[in-house]
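Below: the structure, in structure tokens.
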Amino acid sequence: MAFSHSSRGRLTGKDLGRFPGTTLFDRIARAVCQAGCLPRKELYEAWEVARRVRRLFRGGRVVDLGGGHGLLAQVMLVLDDSSPGALVVDRALPASSARVHAALVQSWPRLSGRITFVERALDDVIVQSDDVVVSSHACGRLTDVVLDRAVAARARVAVLPCCHDLEACDVGGLTGWVEGPLAIDVMRAVRLEQQGYRIWTQSIPAAVTPKNRLLIGAPPRSGQA
């Protein structure tokens, strides 16, 4: 059976042999396997999003909203140590998030003490202007909450939306031309640009997830690389 990158099956110690190389990705993958609790697709999503965001943004606290295990935030710091730390926020953090963090710290001790996990509603998070706000698969309107929090602070932002809610989200009257989920994401990009943001519309491999549109935005003079 092919090793699907989109599988929700957990990576465990039995998968260590799939990542034998010396590349940074293989090293991260082995740490995730040691933790033994993350779905395979979360590894690939976090990697694909983080490396695209880091090509554009350096420095600033990483704020991972709807962050779950916090893998995206931690991969951001592993890729580029210019950020002082990261805040991972979710309404209900998985109990295994500590196991993932411990496995990564074992391989990258410099992460120790630099990742803060908080259980909180996303609306209650205080975002600062020099933050880099990220979110991978914030469901439905939660992606709009993430964008709103970033825009209110004039912070840099990157979202990988999912579970598009055609009733709750803005389709901009475009569904006569394009499918609803695409219309929602187009309107998100338009709203960011209307707020003065420079936007980048990218995608991660469809083999990882079919919901693969990545929207990145930066306000003027935000210090993007």
Side-chain angles (χ1 to χ4, degrees), residues 6 8 39 41-42 44-53 56-57 60-73 75-76 86-94 118-128 131-175 178-206 208-219 222:
S6 63
R8 295 183 180 275
K41 71 189 298 286
E42 285 193 29
Y44 287 95
E45 285 174 352
W47 172 256
E48 296 293 349
V49 171
R51 68 194 191 95
R52 284 166 174 76
V53 175
L56 295 167
F57 301 151
R61 180 183 62 164
V62 174
V63 179
D64 189 355
L65 297 180
H69 289 93
L71 183 62
L72 174 54
V75 173
M76 291 274 288
L87 175 67
V88 179
V89 183
D90 209 309
R91 183 178 291 276
L93 292 166
V118 176
E119 287 192 341
R120 186 176 299 164
L122 303 193
D123 284 316
D124 297 334
V125 178
I126 297 175
V127 177
Q128 301 165 1
D131 287 341
V132 179
V133 179
V134 295
S135 186
S136 178
H137 285 330
C139 249
R141 209 188 73 77
L142 282 182
T143 290
D144 297 304
V145 173
V146 172
L147 292 171
D148 289 346
R149 300 302 297 156
V151 168
R154 307 302 288 172
R156 295 165 288 176
V157 63
V159 293
L160 187 77
C162 82
C163 303
H164 299 77
D165 187 335
L166 301 186
E167 298 298 324
C169 299
D170 181 13
V171 298
L174 299 176
T175 52
V178 298
E179 293 183 357
L182 177 57
I184 290 170
D185 288 340
V186 167
M187 293 307 300
R188 286 166 171 160
V190 168
R191 288 197 302 275
L192 267 187
E193 200 166 45
Q194 289 173 341
Q195 291 292 329
Y197 272 62
R198 177 181 177 184
I199 63 168
W200 293 263
T201 53
Q202 302 185 11
S203 59
I204 70 170
V208 176
T209 174
K211 298 169 183 174
N212 64 337
R213 287 187 290 271
L214 177 62
L215 174 60
I216 305 174
S222 64

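Here the structure is a predicted model, which is why all the values come from computation and not from measurement.
The shortest distance between side-chain heavy atoms of Leu147 and Leu192 falls below 4.5 Å. Considering only heavy atoms from C-beta on, Trp47 stays 4.5 Å or farther from Val208 through its side chain. Residues Leu182 and Arg213 meet the side-chain proximity criterion, which asks for heavy atoms closer than 4.5 Å.
Across every non-hydrogen atom of Val88 and Gly68, the tightest pair is CG1-O, 4.0 Å. Summarising the geometry of Ala183 relative to Leu174, their closest heavy-atom pair is CB-CB, 3.8 Å, with the distance given to 0.1 Å. A pairwise comparison of heavy atoms in Thr201 and Ala189 identifies CG2-CB, 4.5 Å as the closest pair. For the residue pair Tyr197 and Ala150, the shortest heavy atom distance occurs at OH-O, 3.3 Å. Considering all non-hydrogen atoms of both residues, Phe57 and Gly217 come closest at CZ-O, 3.5 Å.
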message: Checking His137 against Cys163 for the side-chain contact (heavy atoms from CB on, under 4.5 Å) test, could you report, in this order, the C-alpha distance in whole Å, the side-chain angles of both residues, the deciding distance, and whether it holds?
response: CA-CA 8 Å; His137 285 330; Cys163 303; over 6 Å; no
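Looking at Val134, Val53, Val132 one by one, the single match for side-chain contact (heavy atoms from CB on, under 4.5 Å) with Arg156 turns out to be Val132.
Put simply, the side chain of Ser6 never gets that close to the backbone of Lys41: no donor and acceptor are under 3.5 Å apart. The backbone N or O of Leu65 sits less than 3.5 Å from a side-chain atom of Ser135, completing a donor-acceptor pair.
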Under 3.5 Å donor-acceptor pairs involving side-chain atoms of residues 120-128, not counting sequence neighbours:
none

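Note that CZ of Arg141 is 9.5 Å distant from CG of Asp165, once rounded to the nearest 0.5 Å. Between Leu166 atom CG and Ile184 atom CD1 the span is 5.0 Å, to the nearest 0.5 Å. Residue Ile204 holds its CD1 atom at 10.0 Å from CZ of Arg51, rounded to the nearest 0.5 Å.
In this view, Asp144 and Arg188, Arg191 satisfy the side chain to side chain donor-acceptor pair (under 3.5 Å) rule, not counting sequence neighbours. Not counting sequence neighbours, Asp148 has no partner by the side chain to side chain donor-acceptor pair (under 3.5 Å) test. Judged as a side chain to side chain contact (heavy atoms under 4.5 Å, CB included), and not counting sequence neighbours, the contacts of Ser136 are Glu45, Leu72, Leu160. Remark: Asp64 engages no residue in a side chain to side chain donor-acceptor pair (under 3.5 Å) (not counting sequence neighbours). The side chain to side chain contact (heavy atoms under 4.5 Å, CB included) test applied to Glu42 returns Leu38, Pro39, His69, not counting sequence neighbours.
Residue Glu167 places its CD atom among 12 or fewer non-hydrogen atoms of other residues, nucleotides or ligands, all under 6.0 Å distant.
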